[in-house]
Amino acid sequence: MADEDVETLEDILRTLDLSNGMAIMISSPGGSGLAAERMINVLRSYSGTGEYWAIVPAKAKSAATMVCLGASKILMSPASELGPIDPQVVFRGKVVSVHDVINSYHRLFRNAVRAKGNLEPYLQAARQL
């Protein structure tokens, strides 16, 4: 899910009569959280009811889960899946979980508070994060 997807969707929605609302079918491994937020706003704006339904035939992970959670109703089969929302960032050329970065800061801070004496190693480690 990317900004280009939102722009394409908006181009399509402009041509439709959505006065009675809409349902979208979503199957995605995820993508940009900001694109998901934009997509929710676009879907609500173009729907004549201000709401939309999300139909998940297979999977909606991460950012796609966010789009589903913005819907007034989510329709899924017994085999469909919503995935965790796991924001990620690029850190030193690698994609890492924001959750892991925050946990690293917490562990470092906790260990620094417990330490006696020289805190310089903890300060150096914090600069590396």
Side-chain angles (χ1 to χ4, degrees):
M1 184 168 300
D3 285 333
E4 297 81 28
D5 299 323
V6 180
E7 292 161 9
T8 301
L9 177 64
E10 189 169 14
D11 288 343
I12 293 167
L13 295 179
R14 279 190 190 109
T15 66
L16 302 174
D17 175 11
L18 301 168
S19 56
N20 292 325
M22 77 173 100
I24 69 158
M25 189 172 297
I26 186 162
S27 181
S28 171
S32 164
L34 292 175
E37 183 179 5
R38 283 188 59 220
M39 186 170 288
I40 291 167
N41 289 333
V42 165
L43 291 167
R44 288 178 178 169
S45 295
Y46 280 89
S47 174
T49 63
E51 299 178 346
Y52 64 94
W53 291 5
I55 302 167
V56 183
K59 66 180 178 181
K61 305 289 185 158
S62 196
T65 297
M66 291 172 57
V67 173
C68 291
L69 294 177
S72 58
K73 184 179 278 195
I74 303 171
L75 303 167
M76 300 173 64
S77 76
S80 297
E81 318 172 6
L82 293 181
I85 300 169
D86 181 24
Q88 299 182 353
V89 294
V90 176
F91 180 74
R92 296 187 180 177
K94 295 182 180 179
V95 177
V96 296
S97 168
V98 171
H99 183 264
D100 290 343
V101 173
I102 291 170
N103 282 341
S104 294
Y105 273 108
H106 286 166
R107 276 192 304 277
L108 183 62
F109 184 76
R110 184 178 56 244
N111 291 338
V113 168
R114 291 179 185 159
K116 305 267 192 266
N118 185 10
L119 296 178
E120 187 60 31
Y122 298 102
L123 295 173
Q124 289 176 1
R127 287 185 199 110
Q128 298 298 314
L129 291 176

Handout entry: Flag, side chain of S45 to backbone of N41, donor-acceptor distance under 3.5 Å
Key = yes
Practice task
Spell out, as yes or no, whether a donor-acceptor pair under 3.5 Å connects the side chain of S32 to the backbone of A2.
Solution key: no
Problem - Single-linkage hydrophobic cluster, 4.5 Å side-chain cutoff, V6 and I85 together - result: yes
Practice task
Kindly work out whether a path of hydrophobic side-chain contacts (I/L/V/M/F/W/Y, heavy atoms less than 4.5 Å apart) joins L16 to V67.
Solution key: yes
Exercise for the section: Can you sort out the partners of N111 under side-chain contact (heavy atoms from CB on, under 4.5 Å), two or more places apart, ordered by chain and number? Expected result: R114, Y122
Fill in the blank from the handout: Of all heavy-atom pairs linking C68 and V56, the shortest is SG-CG2, 3.5 Å
Distance-only criterion, 3.5 Å: show the donor-acceptor pairs between side-chain atoms of residues 22-30 and protein atoms not counting sequence neighbours.
residue: S28; atom: OG; partner: G30; partner atom: N; Å: 3.0
residue: S28; atom: OG; partner: G30; partner atom: O; Å: 3.3

Practice task
To the nearest 0.5 angstrom, please state how far the CG atom of D11 sits from the CG atom of L13.
Solution key: 9.0 Å
Exercise for the section: Could you tell me the separation between the CD atom of E37 and the CE atom of M66, rounded to the nearest 0.5 Å? Expected result: 6.5 Å
Problem - same_hphob_cluster(V42, W53) at 4.5 Å side-chain heavy-atom cutoff - result: no
Practice task
Taking T65 for its side chain and L82 for its backbone only, find out whether a donor-acceptor pair lies under 3.5 Å.
Solution key: no
Problem - Polar side-chain atom of S47 near backbone of R44 as donor-acceptor pair, under 3.5 Å - result: no
Practice task
Taking all non-hydrogen atoms of both residues into account, name the closest pair between D86 and S62 and its distance.
Solution key: N-OG, 3.7 Å
Problem - Heavy-atom closest contact (S19 atom, D17 atom, distance) - result: OG-OD1, 2.9 Å
Practice task
State the CG-CD distance between L108 and Q124, to the nearest 0.5 angstrom.
Solution key: 11.0 Å
Practice task
Flag the pair I40 / L69 as yes when at least one side-chain heavy-atom distance between them is below 4.5 Å, and no otherwise.
Solution key: no
Exercise for the section: Spell out, yes or no, whether V96 and V98 are grouped together once hydrophobic residues are joined by side-chain heavy atoms under 4.5 Å, including indirect joins. Expected result: yes
Completion exercise
Closest heavy-atom pair, T15 versus I12, reported as atoms and distance to 0.1 Å, is OG1-O, 2.6 Å
Exercise for the section: Look at atom CG of L34 and say whether more than 12 heavy atoms of other residues, nucleotides or ligands are closer to it than 6.0 Å. Expected result: no
Fill in the blank from the handout: Between the CZ atom in R38 and the CD atom in E10, the distance rounded to the nearest 0.5 Å is 7.0 Å
Problem - Pairwise distance CZ(R14) to CG(L9) - rounded to 0.5 angstrom - result: 10.0 Å
Practice task
Search all heavy atoms of E81 against all heavy atoms of K61 and return the closest pair with its distance.
Solution key: OE1-NZ, 2.5 Å
